[in-house]
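Here the structure is laid out as structure tokens; the discussion comes afterwards.
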Amino acid sequence: MEYRLTTPLQKEDIGKLKAGDIVYLSGTIFTARDEAHARILEMYQEKKELPFDLEGSVIYHCGPLMKEREGNWEVVAAGPTTSARMSKMTPKLLEIHEVRAFVGKGGMDNVTDAMENKAVYLAFTGGCAALAAISIEKVNTVHWLDLGMPEAVWELEVNEFGPLVVGIDSHNNDLFLEVSKKAKAAYSKLE
């Protein structure tokens, strides 16, 4: 199936998605990589409020390349980064915030239980930085630029962002795990 969803996402939006479905997103998404995830969790421990709202949000595992022109930011390239690096922090993040979707490349490890009935993982093809940039209509703002351009949280306005493949749905289905199992089974037959 193919879906066009608008942020903020509701539980019902992600509940209907199944592994293998195609999704296009419109609305606001946030970039966040390792350092941003760590800071989000640190702020929770310190009982500090985030400068952005993650409820119903989409986090894009991306370290974009930006250019500042006349006081405004423009996206030069915004391809997905490897999501597995954020796997360890994702269960706690989902415990404290109602993030509804993560976008990245390569899948995530050991997150299906944490995502059950809460969130989905949407895979974006690696090497599509220019394609991703085309779907980004506007940079609303940037948070935590002190972390550096790729690690900052960029608040992006997107339109028809995708195509994204539901790699992990909220029903404990993980395409990456299924493919890995099939590949191992096929390889064992060759031995």
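Counting from 1, the numbers follow the sequence of the chain as shown. Below, all heavy atoms of this structure are taken into account, side chains as well, without hydrogens, waters or symmetry copies.
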Query raised in the report: With a 4.5 Å heavy-atom cut-off, do M89 and L41 have their side chains touching?
Result: yes
Requested in this report: Could you check if a side-chain atom of C62 sits within less than 4.5 angstrom of a side-chain atom of R33, using non-hydrogen atoms only?
Outcome: no
**Report entry** Where H143 and A152 come nearest, the two heavy atoms and their spacing
**Finding:** O-CB, 3.5 Å
Query raised in the report: Would R100 and E98 satisfy salt bridge (charged side-chain N to carboxylate O under 4.0 Å, His left out), going step by step from the backbone distance to the final call?
Result: CA-CA 6 Å; R100 293 288 177 226; E98 291 184 6; 3.2 Å; yes
Report task. Find out whether H61 and M108 are in side-chain contact, i.e. whether some heavy atom of one side chain is under 4.5 Å from a heavy atom of the other. Result -> yes
Report summary line: Output for pair (M66 CE, T31 OG1), nearest 0.5 Å, gives 6.5 Å
Query raised in the report: Transitive ILVMFWY cluster of L175 at side-chain heavy atoms under 4.5 Å: who else is in it?
Result: I22, Y24, V165
Report task. Measure the shortest side-chain to side-chain distance between V139 and N72 over non-hydrogen atoms and say whether it is less than 4.5 angstrom. Result -> no
Report task. Decide side chain to side chain contact (heavy atoms under 4.5 Å, CB included) for E95 and Y44; before the verdict, give the C-alpha distance in whole Å, the side-chain angles of both, and the deciding distance to 0.1 Å. Result -> CA-CA 11 Å; E95 188 181 306; Y44 172 77; 5.6 Å; no
Report task. Indicate yes or no for a side-chain donor-acceptor contact from H37 to the backbone of S87 under 3.5 Å, with no hydrogens or angles considered. Result -> no
Query raised in the report: Does the side chain of L9 come within less than 4.5 Å of V58's, by heavy atoms?
Result: yes
Query raised in the report: Are E42 and R39 close enough for a salt bridge, meaning some N to O gap below 4.0 Å?
Result: no
Query raised in the report: Between V153 and A36, which heavy-atom pair has the shortest distance, and what is it?
Result: CG2-CB, 3.6 Å
Requested in this report: Give the intermediate values and the outcome of side chain to side chain contact (heavy atoms under 4.5 Å, CB included) for residues M115 and I168.
Outcome: CA-CA 8 Å; M115 288 187 173; I168 303 171; 3.9 Å; yes
**Report entry** Ring center gap for F161 and Y60 short of 6.0 angstrom
**Finding:** yes
Ignoring hydrogens and angles, write down the donor-acceptor pairs under 3.5 Å from the side chains of residues 74-82, residues two or more places apart or on other chains.
from, atom 1, to, atom 2, distance (Å)
E74, OE1, R69, NH2, 3.4
E74, OE2, R69, NE, 3.3
T81, OG1, R85, NH1, 3.2

Query raised in the report: For the residue pair L122 and A101, what are the closest heavy atoms and their distance?
Result: CD1-CB, 4.1 Å
**Report entry** Evaluation steps, side chain to side chain contact (heavy atoms under 4.5 Å, CB included), between L50 and M43
**Finding:** CA-CA 7 Å; L50 294 176; M43 289 186 74; 3.8 Å; yes
Query raised in the report: Under 4.5 Å between side-chain heavy atoms, hopping through other hydrophobics if needed: is there a path connecting V142 to M149?
Result: yes
**Report entry** Closest approach of G162 to L131 (non-hydrogen atoms, all atoms of both residues)
**Finding:** O-CD2, 4.2 Å
**Report entry** Pairwise distance CD1(I96) to CD1(I40) - rounded to 0.5 angstrom
**Finding:** 8.0 Å
Query raised in the report: Can I59 and I29 be said to form a side chain to side chain contact (heavy atoms under 4.5 Å, CB included), step by step?
Result: CA-CA 6 Å; I59 291 179; I29 65 173; over 6 Å; no
Query - L5 CG to I14 CD1 distance, which is reported to the nearest 0.5 Å - result: 10.0 Å
Query raised in the report: Do the non-hydrogen side-chain atoms of L94 and V99 ever get within less than 4.5 Å of each other?
Result: yes
Query raised in the report: So, are E2 and R4 salt-bridged, with charged N and O less than 4.0 Å apart?
Result: yes
Report task. To the nearest 0.5 Å, tell me how far E155 CD sits from K138 NZ. Result -> 9.5 Å
Query - Heavy atoms of other groups near K88 NZ, more than 12 under 6.0 Å - result: no
Query raised in the report: If you measure only the distance, is there a donor-acceptor pair under 3.5 Å linking the side chains of N159 and S26?
Result: yes
Query raised in the report: Do H97 and E55 get their side chains close enough for a donor-acceptor pair, meaning under 3.5 Å?
Result: yes
Report task. Please report the closest heavy-atom contact between E151 and L147, naming both atoms and the distance. Result -> CB-O, 3.6 Å
Query raised in the report: Do F52 and W154 make the cut of ring centroids closer than 6.0 angstrom?
Result: no
Report summary line: Residues D169 and N172: closest non-hydrogen pair is OD1-N, 3.4 Å
Query - Y121 side chain vs G104 backbone, donor-acceptor pair below 3.5 Å - result: yes
Requested in this report: In sequence, state the C-alpha distance, the side-chain angles, and the governing distance for E160 and S135, and then conclude on side-chain hydrogen bond (donor to acceptor under 3.5 Å, both in side chains).
Outcome: CA-CA 6 Å; E160 296 286 314; S135 299; over 6 Å; no
Query raised in the report: Are F102 and Y3 joined in one hydrophobic group, where the rule is that I, L, V, M, F, W and Y side chains link up if heavy atoms are under 4.5 Å apart?
Result: no
Query - Point-to-point distance, once rounded to the nearest 0.5 Å, from OG of S170 to NZ of K16 - result: 12.0 Å
Query raised in the report: Is K118 salt-bridged to D113, cutoff N-O under 4.0 Å?
Result: no
Query - Atom pair OG1 (T125) and CG (L164), whose distance is rounded to the nearest 0.5 Å - result: 9.0 Å
Query raised in the report: Should L54 and F30 count as side-chain neighbours, where that means a heavy-atom distance under 4.5 Å?
Result: yes
